[in-house]
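Encoded as structure tokens, the structure appears first; notes follow it.
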Amino acid sequence: MQKALTLLAGGALALIPVAGLTQEAAIYSGMDRIHPAWAENGMVVAQEQIAAEVGRDILAAGGNAVDAGVAVAFALAVTLPRAGNLGGGGFMIVHDAETGETKAIDYREIAPMSADRDMFLDDEGNADSEKSRFSGLATGVPGTVAGMQMVLDEYGTMTMAEVIAPAIGLARDGIVVTADLADSLIGLEDRLKAWPASEAIFYKEGGAFFEPGDTLVQADLAATLQLIADQGPNGFYTGQTAQAIVDSVGAAGGRITMEDMAAYEAVSRDPVTGTYRGYEIVSMPPPSSGGIHIVQILNTLEEYPIGFLGHNSSETIHLMAEAMKRAYADRSEYLGDPEFYDVPQAELISKEYAAAIREGISLGRATPSDEIKPADLTPYESDQTTHFSIVDKDGNAVSNTYTINFSYGSGMVADSTGVLMNNEMDDFAAKPGVMNAYGLLGGDANAVEPGKRPLSSMSPTMVMRDGEVFMVTGSPGGSRIITTVLQIIMNVIDHDMNIAEATVAPRIHHQWLPEVLRVEEGISPDTLAALEAKGHVVEVMSTMGSAQSIVVDHEAGLLLGGADTRQTSSAARGY
Ligand code: DON
């Protein structure tokens, strides 16, 4: 395998392998530039290499993007257990090239029927984050298995048994522990060892750490996957797996019932759409906030000459931060599960509203957040979710982001199932004015209610041109997901970067509260000083997101993959 010179986040240069990079491709993408991986037929870009190869092999064997997507989702549950999952939920945007239709599949977790608005408050009425993050109450009814069955039924060409088979093999025979996996298990030791069933799987006898090169076998997970292969979603939502989840969650103080499990349904929705400089943006509608706010921020920025002002110049970052702050303020008020709250989607994504927002933006001065809307400050927490993007030889595409919320979710594996449970209930607003783990505020729109989906930032997205897929993208990163996806789009459209450059370029983020313009390493000190002079509170913090994207170059007949070097196991694999 050849190597390509790649700029790592933080500015370091490194040699990383790029699948099948030939001299021709290197010349095509310009020797002076960072190379995207490329393929002619189909491509999978994911945060973990083995799972990306599972998807690539399904495509090469004649499966379509959805067949590959379901296979990758189940494989990641084995190979990237901190985020890939059966015990969580997520969103998938699917483009069907034959009909030209694009749909948004919502398999977000739901609150159990016994949930109530004040379930995360202590006796004094204060929000108790221990309950919403690390107890059985933290867990919503999982949606991943139902979501995968729904897309396979609707768009797939293969059976569940066929696409789940690689994941079963990986769980049963074991995976080679990478440095990335070993490190994350060391880092999350306290969270996982709080639960004996988790410790038994993710640590050796006596609690010792796995080392890179060791083999991790997940026999219970293999058996659970086999039940799904044999029975479909019934193998998860009814019978012994459901009972084990109900019992484990219950023993940890949670309230999920067999009825909650059996009643779970994924939903197919119309995506949020908008336009930006002649491209069509297609992204996730509520219960995600992502699509609405990506379109809202792009609408706000469209009338400014962003390309002329330059990538990561102080003028560009200033305008982006001002647009972001206003969007996140709206998020705290207006976004929630659309089945429970009337989200003013049409207003938020209208060009007229964006024009009104621009009137409030000063070119020279940062608007203090309390002039936009008052509230408290809270620190960020860095966690894990994961995204993958797929395009097949016929132009079908899948953009999928799914999660158990924190790294390894609540940390709890349901006894005898091998399934790590989510702590997605923390994405609800436990109490108005109290921030969640990502510093996000909410009120009535995102209050806990039985059967309701917690508001998400996950933003699987496609950019279309003339009805065809131009870009597939998405990222983890909690509240930073929306701004990460925004920057991938802007880097390509405004700054003419190829998808690898767009992915490694240093990112910025502002979410209104806390009042911090967060930046990655790699933006010049002069630029940061100019931003401070405008009144921004700038902080250089750890990297944000793990974007996994594909751009379709219709003229060259190539798929160009950008795997995010911020996560060492990311990979673009094509054929
Ligand atoms: O749905 C959401 O917005 C969050 N639960 C996502 C969490 C996440 O991205 C953590 N990863 N870095």
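Because the structure is predicted, anything quoted here is derived from the model rather than measured. Sequence positions, counted from 1, serve as the residue numbers for this chain. Counting starts at 1 for both ligands and their atoms, in listed order.
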Between Arg82 and ligand 1, which part of the residue brings a heavy atom under 4.0 Å of the ligand: side chain, backbone, both or neither?
neither
Has ligand 1 got any nitrogen or oxygen that is less than 3.5 angstrom from a nitrogen or oxygen of Leu455?
no
In terms of atom number and element, which parts of ligand 1 are under 4.0 angstrom from non-hydrogen atoms of Met458?
1 (O), 3 (O)
One finds that the ligand 1 atoms under 4.0 Å from a non-hydrogen atom of Ser457 are 1 (O), 2 (C), 3 (O)
Does even one non-hydrogen atom of Arg480 get within less than 4.0 Å of ligand 1?
no
Any N/O of Thr403 closer than 3.5 Å to an N/O of ligand 1?
no
Can you tell me if Phe406 contacts ligand 1 (heavy atom of the residue under 4.0 Å from the ligand)?
no
Over 60° means perpendicular and under 30° means parallel, so tell me whether Tyr237 and Tyr264 are parallel, tilted or perpendicular.
parallel
Donor on one side chain, acceptor on other, Arg108 and Ser288, under 3.5 Å:
no
Donor + acceptor pair across side chains of Asn400, Tyr107 (<3.5 Å):
yes
Ser546 and Arg566, any side-chain heavy atoms less than 4.5 Å apart:
no
Whether the side chain of Ser289 engages the backbone of Ser456 through a donor-acceptor N/O pair (distance < 3.5 Å, no angle test) should be reported.
yes
Taking distance alone, with no angle check, do Gly477 and ligand 1 share an N/O pair under 3.5 Å?
yes
Donor-acceptor pair, Glu48 side chain versus Ala51 backbone, under 3.5 Å?
yes
CA sep, side-chain torsions, deciding dist, call: Asp128, Lys431, salt bridge (charged side-chain N to carboxylate O under 4.0 Å, His left out)
CA-CA 10 Å; Asp128 179 351; Lys431 190 181 167 181; over 6 Å; no
Location of contacts on Asp427 toward ligand 1, heavy atoms closer than 4.0 Å
side chain
For ligand 1, find out whether one of its N or O atoms is nearer than 3.5 Å to an N or O atom of Tyr438.
no
Can you list the atoms of ligand 1 that are under 4.0 Å from a heavy atom of Gln384?
10 (C), 11 (N), 12 (N)
Using distance alone, with no hydrogens and no angle criterion, decide if Ser570 and Asp564 have a side-chain donor and acceptor under 3.5 Å apart.
no
Go through ligand 1 atom by atom and flag the ones less than 4.0 Å from a non-hydrogen atom of Ile481.
9 (O)
